[in-house]
Amino acid sequence: TIAKENQPIVKDQEKFINEILFLTAVKPSADKGFIKNLEKLVVAGDGSTVISCAAKNGKPTCDCRRKGIYDCEHLRSYSDKDAQWGWDNLEKDFIFGYRYWQLVCADNKHDLPIYLNINSANTHEAYMLIRAIDRFDKQAQLLAPSMQIKEIALDALFDIHAVYDYLNYKNLRYAIPYASSPGKCICLGDKDQFFTEKGEPICPGGLPMKRFGIDRRGKVIYHCPIKRMARRKGKKIRVAHLHECPLATLCEPNSKMGPLAYVSEEIDLRIHPKIPRFSQRYKELSAMRTCCERSNSAKKYNYKFKQTKVRVMSYAYSQLAFISILEHSKTWASKVLTNFDFDNQD
């Protein structure tokens, strides 16, 4: 995808569907104030599956069954050529059909989809994420050059180093929970520095060091964990709590904060994201991920898409896009009804 980044967007159904979604729903929502700050969009991404009603095993093209032969090797006819078997994590089972994936505006209370793509059910969502971000950026350059994603919330399915590398390349701040917690003591970097699962360097005494700030080079500064600010005689000074040190001694007695550790964010993008794990902003962004789950649920149950029988992926894609437009229009209508004065009507 990075190698093809400078290539123009392909003129396919996905391009036209998302142009319609943008022009008829996303842009009006932004104009009405339901999507704020297009220059620094905060989004969440998630997908779901669509079951095809086509015959999973195809239909025979021969008359062997009439002859009593049920295990022939003749070709079979499949009415839905795009449907494949894939894992549905919600149902905890394999389904035959498609997988759609969407970006939803996360920093509001309306759960508004802004981009949508679809593929066969055996497609991994990480591939759909990368494709969606790449094509969203290309579409934005054509329709709204100032529109740009700045932060994204994803679930643990995307806890993959390739995903971290791509998001870092696109300069996106992200919140992705661990799929499996790393070791309590991780060795990273050329100096064999040890880190906790939170990304904190471990001091010579075995304690997690304290984050201080970021230097001019963009590296995060950590200091001795037992040297902390305290108030003495009305003044704030840094005090060494020697009784807390496992070594019972100061590694650098002449330093107010030392020993210091300078950690580059790129040393490991998994445990050192641009938004530090377990920080307040990380928790806020992670909580926004539920907007995708609500949008998926609305599509399937509120708008009855789960009951719709489809056997052509392009038809399913169009229906999902129309439902996404309805999600926007429902938000507009709710505002009109809220401001409508029923008591003063004739």
Side-chain angles (χ1 to χ4, degrees), residues 1-2 5 18 21-22 26-27 29-30 33-47 101-117 125-141 143-179 198-199 211 213-214 218 220 264-296 324 327-328 331:
T1 301
I2 294 177
E5 191 173 53
N18 283 286
L21 176 62
F22 176 81
V26 178
K27 188 177 184 302
S29 288
F34 294 106
I35 298 178
K36 300 178 181 179
N37 202 356
L38 289 177
E39 293 78 13
K40 296 181 180 180
L41 283 173
V42 179
V43 301
D46 196 12
W101 202 86
Q102 61 178 346
L103 291 172
V104 178
C105 190
D107 58 345
N108 58 54
K109 300 179 181 179
H110 307 294
D111 308 331
L112 301 177
I114 61 174
Y115 195 88
L116 181 72
N117 64 13
E125 289 190 23
Y127 167 80
M128 302 183 78
L129 158 72
I130 294 173
R131 178 184 176 90
I133 292 177
D134 177 65
R135 297 194 60 143
F136 178 86
D137 286 347
K138 291 178 179 178
Q139 175 184 285
Q141 293 174 11
L143 301 177
S146 63
M147 184 168 62
Q148 190 175 11
I149 299 173
K150 284 297 183 182
E151 294 181 339
I152 185 169
L154 301 166
D155 60 27
L157 181 65
F158 301 91
D159 183 26
I160 305 170
H161 279 287
V163 172
Y164 293 121
D165 291 337
Y166 183 76
L167 295 177
N168 184 63
Y169 172 79
K170 299 294 287 187
N171 197 28
L172 296 181
R173 294 158 56 90
Y174 50 84
I176 304 175
Y178 288 133
K198 296 182 179 181
R211 182 186 175 103
I214 300 177
V220 183
S264 172
E265 292 179 345
E266 297 183 359
I267 191 172
D268 190 306
L269 297 172
R270 184 173 184 241
I271 69 170
H272 287 287
K274 293 183 178 180
I275 302 178
R277 289 187 181 274
F278 306 98
S279 66
Q280 184 60 33
R281 181 54 185 166
Y282 182 89
K283 294 176 182 177
E284 293 172 354
L285 188 56
S286 295
M288 295 179 186
R289 193 177 68 245
T290 56
C291 69
C292 265
E293 297 171 1
R294 290 192 295 269
S295 179
N296 286 334
S324 296
E327 291 180 77
H328 284 262
T331 302

Given side chain to side chain contact (heavy atoms under 4.5 Å, CB included), test Asp111 with Thr290 step by step and report yes or no.
CA-CA 9 Å; Asp111 308 331; Thr290 56; over 6 Å; no

If we ignore hydrogens and angles and just use 3.5 Å, is the side chain of Asn168 paired with the main-chain N or O of Leu269 as donor and acceptor?
no

Are Tyr115 and Phe22 an aromatic pair by the rule of ring centers under 6.0 Å?
no

With rounding to the nearest 0.5 angstrom, report the NZ to CG distance, Lys170 to Asp134.
5.5 Å

What distance do Gln141 atom CD and Asp137 atom CG have between them, rounded to the nearest 0.5 Å?
7.0 Å

Mind checking the CD-CG spacing from Glu293 to Asp46? Nearest 0.5 Å is all I need.
6.0 Å

Should the pair Arg277 and Tyr178 be classed as cation-pi, given the thresholds of under 6.0 Å to the six-membered ring centre and 45° from the axis?
yes

Determine the minimum heavy-atom distance between Ile114 and Val26, stating which atoms define it.
CA-CG2, 3.8 Å

Tell me the closest heavy-atom pair linking Pro177 and Asp159, and the distance in Å.
O-CB, 3.7 Å

Can you give me the closest heavy-atom contact between Ile149 and Leu172, atom names plus distance?
O-CD2, 2.9 Å

If only atom types and distance count, is the side chain of Ser286 paired as donor or acceptor with the main-chain N or O of Tyr282 below 3.5 Å?
yes

If I take atom OG from residue Ser324 and atom CG from residue Leu116, how far apart are they, to the nearest 0.5 angstrom?
5.0 Å

Which heavy atom in Gly199 sits nearest to a heavy atom in His272, and how many Å separate them?
O-CE1, 2.7 Å

Min side-chain heavy-atom separation Trp101-Arg131 under 4.5 Å
no

For Leu103 versus Gly45, what's the shortest heavy-atom pair and its separation?
CD2-CA, 4.3 Å

Side-chain donor-acceptor pairs under 3.5 Å in residues 35-43, sequence neighbours left out?
none

Tyr164 vs Tyr174 aromatic rings, parallel, tilted or perpendicular, using cut-offs 30° and 60°?
tilted

Spacing of Leu112 atom CG and Phe34 atom CZ [to the nearest 0.5 Å]
8.0 Å

Should Arg211 and Pro276 count as side-chain neighbours, where that means a heavy-atom distance under 4.5 Å?
yes

Do His161 and Asp268 touch side chain to side chain, with heavy atoms closer than 4.5 Å?
yes

Over 12 foreign heavy atoms within 6.0 Å of NZ, Lys274
yes

What I want to check is whether the side chains of Gln102 and Asn296 have a donor and an acceptor closer together than 3.5 Å.
yes

How about Asp155 and Ile176: do any of their side-chain heavy atoms sit closer than 4.5 Å?
no

Between the CD1 atom in Ile160 and the CD1 atom in Ile130, the distance rounded to the nearest 0.5 Å is 8.0 Å

Closest approach of Pro113 and His328, non-hydrogen atoms and distance?
O-NE2, 2.7 Å

Under a 3.5 Å distance rule, please check whether Thr331 uses its side chain to pair with a backbone N or O of Glu327 as donor and acceptor.
yes

